[in-house]
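Below, read A as the first sequence line, B as the second, and so on, with proteins coming before strands; counting in each chain starts at 1.
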Amino acid sequence: MSKVTRIAPSPTGDPHVGTAYIGLFNYVLARASGGRFILRIEDTDRERYNPESEARILETFSWLGLQPDESPDAGGPNGPYRQSERLDSYREHVDRLLAEGKAYRAFETAEELTAMREEQRRRGLDAGYDGRGRNVSAEESARRAEAGEPFVVRLKTPDEGETSFIDRLRGEITIQNREIRDPVILKSDGYPTYHLANVVDDHAMGVNVVMRAEEWITSTPIHVLLYRAFGWELPEFVHMPLLRNPDKNKSKISKRKLDTSVDSYRQQGILPEALLNFLANMGWSMPDGREFFSVQDMIDNFDVDRISLGGPVFDLRKLRHFNARYLKDILELEDVASRVAPLFRERGWNWEDEDELLDIVDLLRPRAETLQDFPGMAAYFFDDDFEYTEEALKKVAAGQAHLEDLEREISMLDVFDFDDIDDLLQGYVQRQGVNIGKVMQPMRSALTGQTSAPGVTEIAFILGKQRVLARIGRALQSITAHLPDDNPQKEAEQRKAEAVAQEGSRG
RNA sequence: GGCCCCUUCGACUAGCGGUUAGGUCACAACCCUUUCAAGGUUGCGGCACGAGUUCGAAUCUCGUAGGGGUCACCA
């Protein structure tokens with residue numbers, strides 16, 4: 001059977017990783033069955049509504065590559081896809097329930113409800129609406145509504161018996177009807193609540209699989225009751241485990257304890273492929289145990305029954321590991337370079353040709369976890385006036401003689417290819433009969449201003465002969481400027497003297 | 001607290017009556033090495049507990065404990 005699924009985010013803030021998570025599974029489930037994936041904006045909460053949020057959510061799905069078949073952007077035969085534009089439909093459906101006596105207007109004010117709860121609490125009763133609005137006669141109800149008195153509409157739910165539904169992953173779930181307390185389906189501002197809007201829209205749009213987070217399990221009976229009240233066929237319910245915070249108790253993922261904004265991960269240089277792959281492994285696994293796979297691989301191998309139910313902790317370390325794997329060996333070099341290039345350009349960095357960029361990216365990518373790591377590591381390729389770290393200056397000073405020799409030898413080198421540079425360096429080390437590090441570390445420091453960087457030969461090759469020579473020259477000048485006295489022994493004595501002087505001034 | 005759901009290494013998971021309980025992240029050691037990474041090898045570490053069913057239980061049943069969710073005119 002072809003499945004019609006949907007993701008129904010509320011435009012209340014930053015696009016949430018939980019939305020991306022549930023969205024991914026809905027997308028895959030629909031695609032795997034040749035069905036449709038709908039994105040519907042549930043903007044029925046005017047209080048929390050954020051006008052920028054919708055566009056950002058749509059953009060996020062686009063960035064992730066989870067393109068809906070129907071959405072406010074894409075349109076579709078079942079639109080509009082924004083609940084605020086479907087108010088007439090909700091109104092009609094509510095009127096129908098009202099007319100059939102399956103729902104009723106309730107005129108209590110917020111104060112009255114608060115007082116009711118207070119009373120219940122004092123008397124030790126279970127909290128919840130006590131159904132007092134049911135007593136208003138149809139005539140009176142109509143008259144008061146007509147007169148403009150504010151009201152909500154509540155669904156009349158059975159006081160006795162129980163309501164069951166099948167959760168695809170957990171089997172039958174039963175809740176006593178007394179636990180359900182005439183929920184509000186239409187708010188006093190004329191907007192529907194989630195329960196009503198969701199059921200009405202899912203039915204209208206042909207959604208036949210409701211796949212959402214576990215937190216909805218306890219309100220599913222309300223939805224079942226609504227489907228029945230309308231005489232509609234139930235969709236299949238699939239409740240996904242809730243993503244959890246990495247705290248002790250593994251509470252529901254939250255902004256306070258974790259970065260939940262997809263945009264934020266994007267800005268940090270997390271790749272959409274990696275984020276999706278990571279999310280796919282939260283509660284789902286490939287039949288063959290592979291951990292790295294594309295969304296298409298997931299679609300080709302998808303099986304709802306392979307979803308596990310324990311709430312998975314959102315582990316940043318592992319996300320970063322996934323991202324690193326994509327950068328260093330899953331994506332093509334050209335692909336990575338094309339994503340890194342804009343970050344270099346932002347800094348005003350330029351390069352000779354495509355090959356130079358590819359060489360740099362190739363050299364750096366085993367060391368990068370995110371896209372943002374690249375500009376952090378690549379500065380010395382583009383900026384000739386970099387600062388030297390203290391450590392680097394020491395290395396340069398210690399290897400001054402070698403650098404002077406190498407400066408001379410390199411200047412005489414005709415061809416500056418990787419092998420030629422390597423031969424020169426290795427040959428020099430052999431002739432000098434010194435430990436290779438004694439030569440390479442000063443070189444690395446001179447070339448990069450740092451003591452930790454990729455291989456010297458690789459860097460030298462990318463820089464080219466002229467820049468290498470210029471850098472050796474600058475490094476040698478820097479040590480005379482910064483470290484006029486390269487005598488560790490004397491330096492230590494001087495420090496000691498200072499310490500003693502300080503001691504003296506104190507006492 | 002009532003109700004509902006869940007429970008395999010610290011984290012993500014494989015397992016679906018017979019396995020030395022496997023893999024990945026993290027952590028540690030070693031190898032490689034020109035520093036930093038990457039890579040390779042190895043190690044560390046787990047079936048929440050108790051009954052029952054069975055020749056045999058991580059796998060099935062029940063109970064206990066723990067955790068989570070939910071009890072809104074938010075979704």
Across every strand shown, the nucleotide meeting Watson-Crick or G-U wobble geometry with B:U59 (both distances under 3.5 Å) is none

Using a heavy-atom cut-off of under 4.0 Å over every strand shown, decide if A:Arg212 touches base, sugar-phosphate, or nothing.
nothing

Can you tabulate the close N/O pairs, meaning under 3.5 Å, that link protein atoms to atoms of nucleotides 71-75 of chain B?
| residue | atom | partner | partner atom | Å |
| --- | --- | --- | --- | --- |
| B:C73 | OP1 | A:Arg117 | NH2 | 3.4 |
| B:C73 | O2 | A:Ser188 | N | 2.8 |
| B:C73 | O2 | A:Ser188 | OG | 2.8 |
| B:C73 | N3 | A:Ser188 | OG | 3.0 |
| B:C73 | N4 | A:Glu108 | O | 3.3 |
| B:C74 | OP2 | A:Lys187 | NZ | 3.0 |
| B:C74 | O2' | A:Asp45 | OD2 | 2.6 |
| B:C74 | O2' | A:Arg48 | NH2 | 3.3 |
| B:A75 | OP1 | A:Thr44 | OG1 | 2.9 |
| B:A75 | OP1 | A:Lys187 | NZ | 2.6 |
| B:A75 | OP2 | A:Tyr194 | N | 3.3 |
| B:A75 | O3' | A:Ser10 | OG | 3.0 |
| B:A75 | O3' | A:Glu42 | OE1 | 3.2 |
| B:A75 | O2' | A:Ser10 | OG | 2.9 |

Nearest-angstrom distance, P atom, B:G52 to B:G66:
23 Å

Pair A:Phe302 + A:Trp284: ring centers closer than 6.0 Å:
yes

Figure out the CG/P separation between A:Leu319 and B:C25, and round it to whole Å.
14 Å

Note: for A:Trp284 and A:Asp126 on RNA chain B, the residue whose nearest nucleotide lies more 5' is A:Asp126

Could you tell me whether A:Arg48 and A:Asp45 make a salt bridge, using a distance below 4.0 angstrom between a side-chain N and a carboxylate O?
yes

Tell me whether the guanidinium CZ or amine NZ of A:Arg144 lies under 6.0 angstrom from the six-membered ring centre of A:Phe151 and within 45° of its axis.
no

Can you check whether A:Tyr90 and A:Tyr191 have ring centres sitting under 6.0 Å from each other?
no

With rounding to the closest Å, how many angstrom separate the P atoms on B:A48 and B:U54?
23 Å

To the nearest Å, give me how far apart CG (A:Asn277) and P (B:C25) are.
13 Å

Any salt bridge between A:Glu273 and A:Arg339, counting N to O under 4.0 Å?
yes

Just by modelled atom types, is the A:Ser89 backbone N or O under 3.5 Å from a matching donor or acceptor in the A:Glu92 side chain?
no

Using whole Å, report how far CG of A:Asp305 lies from C1' of B:A14.
16 Å

At less than 4.0 Å, is any side-chain N or O atom of A:Ser285 found next to OP1 or OP2 of B:A14? Yes or no.
yes

With a 4.0 Å cut-off, would you call A:Glu291 and A:Arg325 a salt bridge?
no

Taking atom P in both B:U8 and B:C12, compute the distance separating them and give it to the nearest angstrom.
8 Å

Rounded C1' spacing from B:C49 to B:A26 in Å:
28 Å

One thing to verify: whether A:Arg123 and A:Glu119 come together as a salt bridge, which I'm taking to mean a side-chain N less than 4.0 angstrom from a carboxylate O.
yes

With the threshold set at 4.0 Å, does a side-chain nitrogen-carboxylate oxygen contact exist between A:Asp315 and A:Arg317?
no

If pairing requires Watson-Crick or G-U wobble contacts with both distances under 3.5 Å, which nucleotide is the partner of B:A14?
none

Pairing partner of B:A48, by Watson-Crick or G-U wobble and under 3.5 Å for both distances, is B:U64

Partner of B:C71 under the Watson-Crick or G-U wobble criteria, both distances under 3.5 Å, comes out as B:G1

With B for base contact, S for sugar-phosphate-only contact and - for none (protein heavy atoms under 4.0 Å), nucleotides 30-40 of chain B reads ----BBBBSS-

C1' gap between B:A65 and B:A72, integer Å
32 Å

Mind calculating the distance between CZ (A:Arg290) and C1' (B:G22) to the nearest angstrom?
18 Å

Does A:Asp288 come within less than 4.0 Å of A:Arg290, counting only side-chain N to carboxylate O?
yes

Could you state the atom-to-atom distance from CD1 of A:Ile307 to C1' of B:C6 in whole Å?
15 Å

How would you label the contact of A:Arg244 with the nucleic acid (heavy atoms, under 4.0 Å): base, sugar-phosphate, or nothing?
sugar-phosphate

G-U wobble or Watson-Crick pairing nucleotide for B:U53 (cut-off 3.5 Å, both distances):
none

Could you check how far CZ of A:Phe293 sits from P of B:G23, rounded to whole Å?
19 Å

Could you go step by step and tell me if A:Glu42 and A:Gln83 meet the side chain to side chain donor-acceptor pair (under 3.5 Å) rule?
CA-CA 5 Å; A:Glu42 309 224 328; A:Gln83 291 186 326; 3.1 Å; yes

Summarise how protein sits on nucleotides 7-12 of chain B as a single string, 5' to 3': B when a protein heavy atom is under 4.0 Å from the base, S for sugar-phosphate-only contact, - for no contact.
----SB

Does A:Arg474 make a cation-pi contact with A:Phe386, if we ask for NZ or CZ under 6.0 Å from the ring centre and within 45° of the axis?
yes

Using a strict threshold of under 4.0 Å (side-chain N to carboxylate O), is an ion pair present between A:Glu149 and A:Arg105?
no

Say we look at B:U53 and B:U20: how far apart would their P atoms be, to the nearest angstrom?
26 Å

Write down the distance between CD1 (A:Ile222) and C1' (B:C3), rounded to a whole number of angstrom.
13 Å

In whole Å, what separates the C1' atom of B:G15 from that of B:G46?
13 Å

Determine the interatomic distance between P on B:G63 and the same-named atom on B:C6; round to the nearest Å.
14 Å

Determine the contact category for A:Ser308: base if any of its heavy atoms lies under 4.0 Å from a base atom, sugar-phosphate if only primed atoms, P, OP1 or OP2 are that close, otherwise nothing.
sugar-phosphate

Using whole Å, what does the distance between atom C1' of nucleotide B:C5 and atom CD of A:Glu214 come to?
5 Å

Check this for me: does any side-chain nitrogen of one of A:Arg431 and A:Glu409 sit under 4.0 Å from a carboxylate oxygen of the other?
yes

